[in-house]
Amino acid sequence: MPELPEVETVCQGLAPQMIGATFRTVEQRRANLRFPFGRDFKARLVGAEVATLRRRAKYLLAGLSTGECLVMHLGMSGRFLVHQPRSKSADTLGDYIYDSGANTKHDHVVFHMSSGATITYNDPRRFGFMLLVPENMLDDHALFRHLGVEPLGNELSAIYLSAKASARRSSLKSFLMDQRIVAGLGNIYVCEALHHAGLSPNRAAACLSDRLGNPTARAERLVIAIREVLQKAVALGGSTLRNYRDPSGASGSFQETFAVYGRAGEVCGRKGCDGLVKRSVHQGRSTFHCGRCQR
DNA sequence: ACTGTACCCTGTAGGC
DNA sequence: TGCCTACAGGGTACAG
């Protein structure tokens, strides 16, 4: 589930539950997820107040009153769920519906907040992780030091992409999947953005730059496409794939608008295009594109 | 410096 | 029903 729009959705859902609340108790049910939690993880959280909650790339960052930052990454299968004891209908967050009778096997961390809310982190594949990092050392931390620009911020521009792509030999797909270039894009949104821009994932990344190093029209189109695809996905609450559906409509619905992702063999999602969606593999990841309108 | 591959881990879908 | 393989939205370590 978690690329930028999904992490943003989770951030927005957790914010009212976490900001201003303190960690009353913390259950840490394993020594590690993808990485060890670090020394005294629980002790450093208990009593701390959450001052801020924000997203950077695919990371959730909770700024604490202790001066540390709780860094959370959802990996491939990580989810948060909120349980409000006073409200029967508030058990949902993002695309996840909490079923207290099932699937608790992979509940690895539980935050009991001073507000009474219980926030559970569930992650079957355990590719996600949590760490505590001093706030003033975040930018220098190995996880963040090399991150590229935020695609929804002002730093993403055709000039930026052109400069990064000019000396590249890789494909456009690999280029956009690289978090050092644009931070937060993942497999779904790279496929969808390239389709939106009418660009083949197989094309060389260097096509974004002309001989003088200036951005091409393709780069301009790509920037617009990335922004539009992500903005729309955020507005729709992200994408929900093979997960629980939320009957109240709070789950993501962007997957219903996929033009190419996961649609191999089907007709292209572009109006007026009757091309078929092809599946290929880049760096071991499935890629979907229309052979007709993506050039 | 760059690029692609193998790998981390569990669950699920599909073929036989 | 079971067994097997391939695949899944993440990132990293390593070889070439």
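To find a chain, count down the sequence lines: A is the first, B the second, and so on, and within it residues start at 1.
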**Message:** I'd like to check the side-chain contact (heavy atoms from CB on, under 4.5 Å) partners of A:Pro124; sequence neighbours left out, ordered by chain and number.
**Reply:** A:Ser77, A:His106, A:Asn122
**Prompt:** Under the salt bridge (Lys or Arg N to Asp or Glu O under 4.0 Å) test, which residues partner A:Glu135, sequence neighbours left out?
**Reply:** A:Arg54
**Request:** Quick one: list whatever passes side chain to side chain donor-acceptor pair (under 3.5 Å) with A:Tyr121, sequence neighbours left out.
**Result:** A:Asp123
Could you tabulate the donor-acceptor pairs under 3.5 Å formed by side-chain atoms of residues 275-285 of chain A, not counting sequence neighbours?
from, atom 1, to, atom 2, distance (Å)
A:Arg279, NE, A:Ser286, OG, 3.0
A:Arg279, NH2, A:Ser286, OG, 2.8
A:His282, ND1, A:Ser171, OG, 3.3
A:His282, NE2, A:Asn202, OD1, 2.9
A:Gln283, OE1, A:Ser174, OG, 2.5

**Request:** Provide the full list of ring-ring contact (aromatic ring centres under 6.0 Å, His included) pairs with a residue in residues 200-234 of chain A, sequence neighbours left out, each pair given once.
**Result:** none
Return the polar atom pairs (N/O with N/O) between nucleotides 12-16 of chain C and the protein under 3.5 Å, or none.
from, atom 1, to, atom 2, distance (Å)
C:dT12, O4', A:Arg34, NH2, 3.2

**Prompt:** Quick one, which residues of residues 275-290 of chain A touch DNA chain C with a heavy atom under 4.0 Å?
**Reply:** A:Arg279, A:Arg285, A:Ser286
**Fill in**
In numerical order, the residues of residues 170-187 of chain A whose heavy atoms come under 4.0 Å of DNA chain C are A:Gln179, A:Gly186, A:Asn187
**Asked** Can you name the residues that form a side chain to side chain donor-acceptor pair (under 3.5 Å) with A:Asp178, not counting sequence neighbours?
**Response** A:Arg168, A:Arg180
**Request:** List, by chain and then residue number, the residues other than A:Leu212 in its hydrophobic cluster (Ile/Leu/Val/Met/Phe/Trp/Tyr, side-chain heavy atoms under 4.5 Å); write none if there are no others.
**Result:** none
**Asked** For A:Glu228, which residues count as a salt bridge (Lys or Arg N to Asp or Glu O under 4.0 Å) partner, sequence neighbours excluded?
**Response** none
**Message:** Applying a 3.5 angstrom cut-off to the pairing atoms, does DNA chain B sit in any stems of at least three consecutive Watson-Crick or G-U pairs? List them by first number.
**Reply:** B:2-8 with C:10-16, B:10-16 with C:2-8
